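Notes follow once the structure below has been shown.
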2 protein chains.
Amino acid sequence: MRKSAELRKAEIVAAVLDLADRIGPDRVTTGAAAAAVGVSQAALFRHFPTKAEMWLAVADHVAGELAIAWQRAMTGTDGPIDRVTALVGAQLGQIVSTPALPMLLFSRELNVGNEDLRAAFRGLLMKFQGLIVTELARGQTAGSLRREVAPEDAAVLLTSLVQGMAIRWSLGARNFSLIGEGKRVLEIQLRLLTGKED
Amino acid sequence: MRKSAELRKAEIVAAVLDLADRIGPDRVTTGAAAAAVGVSQAALFRHFPTKAEMWLAVADHVAGELAIAWQRAMTGTDGPIDRVTALVGAQLGQIVSTPALPMLLFSRELNVGNEDLRAAFRGLLMKFQGLIVTELARGQTAGSLRREVAPEDAAVLLTSLVQGMAIRWSLGARNFSLIGEGKRVLEIQLRLLTGKED
DNA sequence: ACCTAGTAAGTGAGCAATCACATACTTAAG
DNA sequence: CTTAAGTATGTGATTGCTCACTTACTAGGT
């Protein structure tokens, strides 16, 4: 069947993400992606000049989805601590709906000899970290975060938590709710950071 | 030059780990590993029947090194909190001396269709987690860990910290001292967990 | 008529694994 | 102590396979 290029590209990107989750990013071949979409392998190269460009499109898509989720988290909440909770929740939600995300971020496979892609993903991580630091700093001046912990260090603890939970979920046959468990542990960490004993 | 099989195997394992770090585990070909050792590609199959068996030997080596490091951490310290510090420090040290470790542990590439290897690495993670939980539980009965945090949850926070720092170090061109920064952030987290304000 | 999305059939490169053969060590007999 | 047989480690060439990417050609939409 013939479809518009835009639609096909989106289909391909979705298929690549799905395959990356199931078999690992580096095992995603052009043939496998094409078969998942239902076209010939050669058809892929109508839409992307090289496989590397295809991955860049995937990165673009992921970056867009993350930006939307972060935006929603920021506008839907008041107060720094609530915002941090929402940001972490958004991140966990994105991981659940795009389970290949941790592997894409953490596997060097894709990034070796693909500097653009590497930079794209690193930029995403740093942006998230930056949002968290900003909110924590705001929280500290408002008195809701312990004074003796630097916002940067607290942000490291929180982003590590997301990564740790994601990896645990990814490796461990996904036998628990990432969002549920993540939020539970996040609350523990936030209680430690705010000093509240509620 | 001719060498004993034992020596060669060790050389190959070391070369594989080095290559895995530099180009990514999945890009380690038998040819590349052989070249790194200085023998022909065919020679590899004198020492390992298949490439998969070669990776199992790598896993064995890594597991041995980790076990030694943990053992040293446990016997060299008294008191639960010091032991946790030493265990985390040992883990960070192993990552520095075997930088491919996080990728091996967290990348699904190698593990898909290689269930033995996957099980080997997952077992290592669980063993580490178990050691931490045990020490934290001991610390809690001794009163040095806050009562309201379950040892399992605290262990998740601590192992996540290791993973988060390792990933940050791995992605970020290694432009900081993993051990130095890791221990600094670990101390912050431990202060939060113990409730000590020293 | 003309572009656009598609295809079938390649091409060359890189891969794990095999094979026939070579050369260094080990061991046991004379 | 020498030497011949046997074994352990190594090699170059090759095989069968998969991959990204190309080329020549085709059909649907406007």
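Just so it is clear: chains get the letters A, B, ... in the order the sequence lines come, proteins before strands, and each one is counted from 1. Note that the structure is predicted; figures quoted are calculated from it, not measured.
Residue B:L7 contributes atom CG, which lies 15 Å from atom C1' of C:dC25 at whole-angstrom precision. Atom C1' of nucleotide C:dC15 and atom CG of A:D26 are separated by 14 Å, given to the nearest angstrom. Protein atom CD1 of B:I12 is 11 Å distant from nucleotide atom C1' of D:dT9, rounded to whole Å. Remark: C1' of C:dC15 and CE of B:M54 are 13 Å apart, rounded to the nearest angstrom. Protein atom NZ of B:K9 is 12 Å distant from nucleotide atom P of D:dG10, rounded to whole Å.
For A:F128, the ring pair (Phe, Tyr, Trp, His ring centres under 6.0 Å) test picks out A:W70, with sequence neighbours left out.
Using a 4.0 Å cutoff on non-hydrogen atoms, the parts of residues 43-51 of chain B near DNA chain C are B:F45, B:R46, B:T50, B:K51, ordered by number.
A donor-acceptor pair shorter than 3.5 Å cannot be found between the side chains of A:E152 and A:Q129.
Taking the nucleotide of DNA chain D with the nearest heavy atom to each of A:T29 and A:A42, the more 5' of the two is matched to A:T29.
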List, one per line, each side-chain donor-acceptor pair under 3.5 Å for residues 132-139 of chain A, sequence neighbours excluded.
unit_1, atom_1, unit_2, atom_2, d
A:T134, OG1, A:G130, O, 2.9
A:E135, OE2, A:R138, NH1, 3.4

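Distances shown here put a side-chain N or O of B:T30 below 4.0 Å from the OP1 or OP2 atom of C:dA16. In terms of phosphate contacts, A:R27 brings no side-chain nitrogen or oxygen within less than 4.0 Å of OP1 or OP2 of D:dT18.
To the nearest 0.5 Å, atoms CG (A:L19) and CD1 (A:I12) are separated by 12.0 Å.
The cluster map of Ile, Leu, Val, Met, Phe, Trp and Tyr, joined by side-chain heavy atoms under 4.5 Å apart, puts B:F121 and B:M126 in different clusters. Under the 4.5 Å side-chain contact rule for hydrophobic residues, B:I68 and B:M74 do not share a cluster.
Between the side chain of B:Q41 and the base of C:dC15, no donor-acceptor pair of N or O atoms lies under 3.5 Å.
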